[in-house]
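Note that the numbering runs from 1 along the sequence shown for the chain. Values below: every heavy atom of this structure, side chains too, minus hydrogens, waters and symmetry copies.
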Amino acid sequence: MSVLDQKLKDAEHVAIIGHIRPDGDCTGACLGLLNYLQAVYPQIEAEVFLEEPSVKFAYLKGFDQIQTVFSQERPYDLCVCLDSSDQERLGEGRKILELAKDSLCVDHHITNTDFARTNVVKPDASSTSEVLYGLLEEDKVTKEVAECLYTGIIHDTGVFKYPCTSPETMTIAGKLMSTGIDFSRIIDGSFYQKTYVQNQILGRALLESVTFLEGKCIFSVVRLKDMKFYSVTSQDLDGIVEQLRLTKGVECAIFLYEIESQIFKVSLRSKYVLDVSKIASYFGGGGHVRAAGCTMSGSIYDVVNNLSEHIERQLKELEPKEDGEQKSAED
């Protein structure tokens, strides 16, 4: 019996919550668990609470059941927190966690603070969806559950190209595919497809990008006035930092977008050696070795300059030693 089954044994009312600005992994894991509970534990009343997720995930069963208003004040028997490294990342969902009689956190972030009563955290896993799959009974994973978890895995692995992808990841993906999901449609529709305005804001971000540290880093920024001009939201900015990261010769990509006057959401990505989770953690954020984020205040120059100091320090530490060997960012 898995930890999840043990927690569900006597539960009647379960709340499922994820982090603020839910991405593919967060949304996929939350809806995957919802569908699993409805199929395997029909006697349990389960509810999903998330900040409004992107409509590109509307094909997932249960998407229309997501509650975006966190007004429930009853104490749930169990609160399952998915893909969140700390309580602050839960946003309004934190009050649901605080009132719950019991709690379980399922996550894969190396910066997880073990904030729930029981924590299942596997930093080596590709995604929370992968960790969650390990807690489910394989023969009870329906096609609807598989669609959700496959979505989460492809989004956190960049369709299986990021270093977090392991042989275990591919094995699980294969098992999910065997349920009959339309994996090509899931990949094209939720990961690659962009609207016209999304292409426009991407193009502008690329045109205005700037390299520094001898071309090893690149950054771009989208201001509030730009977002208003193109009538886009933060959800329309997905994929910009990844496109910046693909620039030849670049080790680290930084993408900023303004959420309030001189307050920026920062996304960091690295290719091979930089541990951007350390940088994000220093500024109150978190994430993974190759993908992390935080929120910073100040002018664009101040933000980039502060990040640059930490990036440059790591790059210097990773310079070849006299014996010709190179240190690893993960050592």
Engineer: Taking the side chain as C-beta and beyond, is there a heavy-atom pair between V48 and Q67 under 4.5 Å?
Structural biologist: no
Engineer: Can you name the residues that form a side chain to side chain donor-acceptor pair (under 3.5 Å) with K61, not counting sequence neighbours?
Structural biologist: none
Engineer: In chain order, what residues pass the side chain to side chain donor-acceptor pair (under 3.5 Å) check against K194, with sequence neighbours excluded?
Structural biologist: none
Engineer: If I compare all heavy atoms of G286 with all of S281, which pair ends up nearest, and what's the gap?
Structural biologist: CA-OG, 4.1 Å
Engineer: What I want to find out is whether K143 reaches E147 closely enough, with some N-O distance under 4.0 Å, to be called a salt bridge.
Structural biologist: no
Engineer: Checking side-chain hydrogen bond (donor to acceptor under 3.5 Å, both in side chains) for the pair S126/D156: CA distance, chi angles, key distance, verdict?
Structural biologist: CA-CA 7 Å; S126 69; D156 259 26; over 6 Å; no
Engineer: Can you name the one residue among Y192, F160, F57 that meets ring pair (Phe, Tyr, Trp, His ring centres under 6.0 Å) with H155?
Structural biologist: F57
Engineer: For R245 and E251, run salt bridge (charged side-chain N to carboxylate O under 4.0 Å, His left out): C-alpha distance rounded to whole Å, both residues' side-chain angles, the deciding distance at 0.1 Å, then the answer.
Structural biologist: CA-CA 7 Å; R245 188 187 72 90; E251 165 60 25; over 6 Å; no
Engineer: Could I get the full list of ring pair (Phe, Tyr, Trp, His ring centres under 6.0 Å) partners for F63, not counting sequence neighbours?
Structural biologist: none
Engineer: For R269, check salt bridge (Lys or Arg N to Asp or Glu O under 4.0 Å) against everything at least two apart and list the hits.
Structural biologist: E242
Engineer: Once ring pair (Phe, Tyr, Trp, His ring centres under 6.0 Å) is applied, do any residues pair with H13, and if so which ones, sequence neighbours excluded?
Structural biologist: none
Engineer: Does the pair D124 and H108 meet the rule for a side-chain hydrogen bond (donor to acceptor under 3.5 Å, both in side chains), with working shown?
Structural biologist: CA-CA 7 Å; D124 293 333; H108 71 129; over 6 Å; no
Engineer: Can you list the residues that meet the side chain to side chain donor-acceptor pair (under 3.5 Å) rule with T151, with sequence neighbours excluded?
Structural biologist: Y59
